[in-house]
Protein chains: 2
Amino acid sequence: MAYHHGRLRETLIDEAAAAIDERGVDALSLRELARRAGVSHAAPAHHFGDRSGLLTAIAADGFERLADALGAAGTDFVEAGVAYVRFATEEPGRFAVMFRTELLRPDDPALEAARDRAGSILASGAVGALGEARADRLAAWSIVHGFATLWNSGAIESAPDEHPDALAREVAARLVPGARAGG
Amino acid sequence: MAYHHGRLRETLIDEAAAAIDERGVDALSLRELARRAGVSHAAPAHHFGDRSGLLTAIAADGFERLADALGAAGTDFVEAGVAYVRFATEEPGRFAVMFRTELLRPDDPALEAARDRAGSILASGAVGALGEARADRLAAWSIVHGFATLWNSGAIESAPDEHPDALAREVAARLVPGARAGG
DNA sequence: CTCGTGAACTTGTCAGTGTCAAGATAGGCC
DNA sequence: GGCCTATCTTGACACTGACAAGTTCACGAG
């Protein structure tokens, strides 16, 4: 086994994110992660310090991906909202980590930057469709975030193979005055 | 130390809920809990089987309290929504456990009953203000649940002493056609 | 009263975890 | 060559959740 893995840091982030999507944050063990990557149990600590360091890196990566997805969806609030939900439901583990703030380093610069980027993109869509007030932006964020977390927690009853996109679009449209599409 | 504590089960649930409100679910250790209650490290297992049993009991208790709070708030959707948010923000630990389904026993009868009771009360308020469609009920639930979880995760920027109630009322009102109170 | 039966609780143990300290290795720069 | 620093390993510690087996106690039958 070579001493220098070469790309250990990236490997660990990818493996960890995949493991979290499969089995949840709490089931993620640093030691098992190290085993999967073929390194010793203390190798991850070198790159991330401790568990929160790893999760913070994953969360920052998650906000970057979310910002990209929101940007690609365009400026319409409903479409951005659907993109938000799609991201959350397709990568539930990453998404959960992003908002489990007690597990993260509070003032990590990379995390804060990524979070701000995603937030401002979502807010710009909301301002166009609803208004500029704080409550407008928060209402937009709340309804898509709430739907996403409820769906991921299994609280929303649905057919076994139902895809959340259509439902999310309907729900988000409820917030836009005069645009009660579907339903 | 008396062998028979007498009210160990209730004591453990109360202590655990308080500890969770203070330091989060993940920081809750069965052994520390037992220490606090003055019993041996294996005593909790007798009453709850394992960790998920304890958390399931706490979650069921939480849904009962939530249902009570929603019922007391009346049938108006906005007021019920504010009550939902108030419950979530005043007892954040309990609230978090209730939706961490991976930590709970999936088909516990007491949990299911309490959850259904709370759900139907919230839904009845939504139907009156919005409509009977699935998306109407989900939009109502999503916006208040989203606001509550975002607030609890610290994602919403606010003054250090700001109380979420007024903001929650404003946000919830955004969903009701023609009732854009505040903002 | 005594006795035994079962619930409530304890003691002991196990594999597993996160974190820390100290040692080993190797690539790059003089 | 020789050193230096980042990278990774080895070893240890205190802690955890879960399990098995033993101990104590309340209570009802006889």
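Naming convention: chains lettered A, B, ... in sequence-line order (proteins, then strands); numbering from 1 in each chain. The shown structure was predicted, so the numbers you read here are calculated from the model rather than taken from an experiment.
With D:dA18, C:dC9, D:dC8 as the choices, the nucleotide that has an atom nearest any side-chain atom of A:Leu8 turns out to be D:dC8. Each of C:dA21, C:dT11, C:dT17 was ranked by its minimum atom distance to the side chain of A:Ala42; first place goes to C:dA21. Listed nucleotides C:dT13, C:dT10, C:dG18 differ in distance to B:Ala43; the shortest reach to its side chain belongs to C:dT10.
On a pure distance criterion of 3.5 Å, a polar donor-acceptor pair joins the side chain of B:His41 and the base of C:dG12. Side-chain N/O atoms of B:Arg31 and base N/O atoms of D:dG17 include a donor-acceptor pair closer than 3.5 Å.
Residue pairs that meet the salt bridge (Lys or Arg N to Asp or Glu O under 4.0 Å) test with at least one member in residues 24-45 of chain B, sequence neighbours left out, are A:Arg100-B:Asp26, B:Glu15-B:Arg36, B:Arg23-B:Glu32, B:Asp26-B:Arg100. For residues 108-133 of chain A, the pairs satisfying side chain to side chain donor-acceptor pair (under 3.5 Å) are A:Glu64-A:Arg117, A:Asp68-A:Arg117, with sequence neighbours left out.
The distance from atom CZ of B:Arg9 to atom P of C:dC9 is 12 Å, rounded to the nearest whole Å. If you measure from atom CG of A:Leu33 to atom P of C:dT17, you get 11 Å, rounded to the nearest angstrom. In this entry the distance linking CG of A:Asp26 with C1' of C:dG18 reads 15 Å, nearest Å. In this structure, the CZ atom of B:Arg35 is 18 Å from the P atom of C:dC9, given to the nearest Å. What separates CG of A:Leu103 from C1' of C:dG18 is a distance of 14 Å, to the nearest Å. Computed from coordinates, the B:Glu32 CD to D:dA14 C1' distance equals 14 Å when rounded to whole Å. Rounded to an integer number of Å, the gap from B:Leu12 CG to D:dG17 C1' is 15 Å.
Put simply, A:Ser29 has a side-chain N or O that comes within less than 4.0 Å of OP1 or OP2 on C:dT17.
The side-chain contact (heavy atoms from CB on, under 4.5 Å) test applied to A:Thr75 returns no partner, not counting sequence neighbours. With sequence neighbours left out, the side chain to side chain donor-acceptor pair (under 3.5 Å) criterion links A:Asp61 to A:Arg65. Partners of B:Ala43 under the side-chain contact (heavy atoms from CB on, under 4.5 Å) rule, at least two apart in sequence or in another chain, are B:Leu8, B:Val39, B:Ser40. A:Glu22 is linked by a salt bridge (charged side-chain N to carboxylate O under 4.0 Å, His left out) to nothing, counting only residues two or more places apart in sequence or in another chain.
Both A:Met98 and A:Ile13 belong to a single network of hydrophobic side chains, linked directly or stepwise wherever heavy atoms of I, L, V, M, F, W or Y lie under 4.5 Å apart.
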Using residues 138-146 of chain B as the side-chain source, report each donor-acceptor pair under 3.5 Å to any protein atom, sequence neighbours left out, with the distance given to one decimal.
from, atom 1, to, atom 2, distance (Å)
B:Trp141, NE1, B:Tyr84, OH, 3.0
B:Ser142, OG, B:Leu138, O, 2.7
B:His145, ND1, B:Tyr84, OH, 2.9

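Among the heavy atoms of the strands lying under 4.0 Å from B:Leu28 are primed sugar atoms or P, OP1, OP2 only; no base atom is included.
The stretch residues 17-25 of chain A has no heavy atom under 4.0 Å from DNA chain C, so no residue of it qualifies as close. At a non-hydrogen distance threshold of 4.0 Å, A:His46, A:His47 from residues 45-52 of chain A come into contact with DNA chain D.
For B:Phe63 and B:Phe99, the ring centers sit closer than 6.0 Å to each other.
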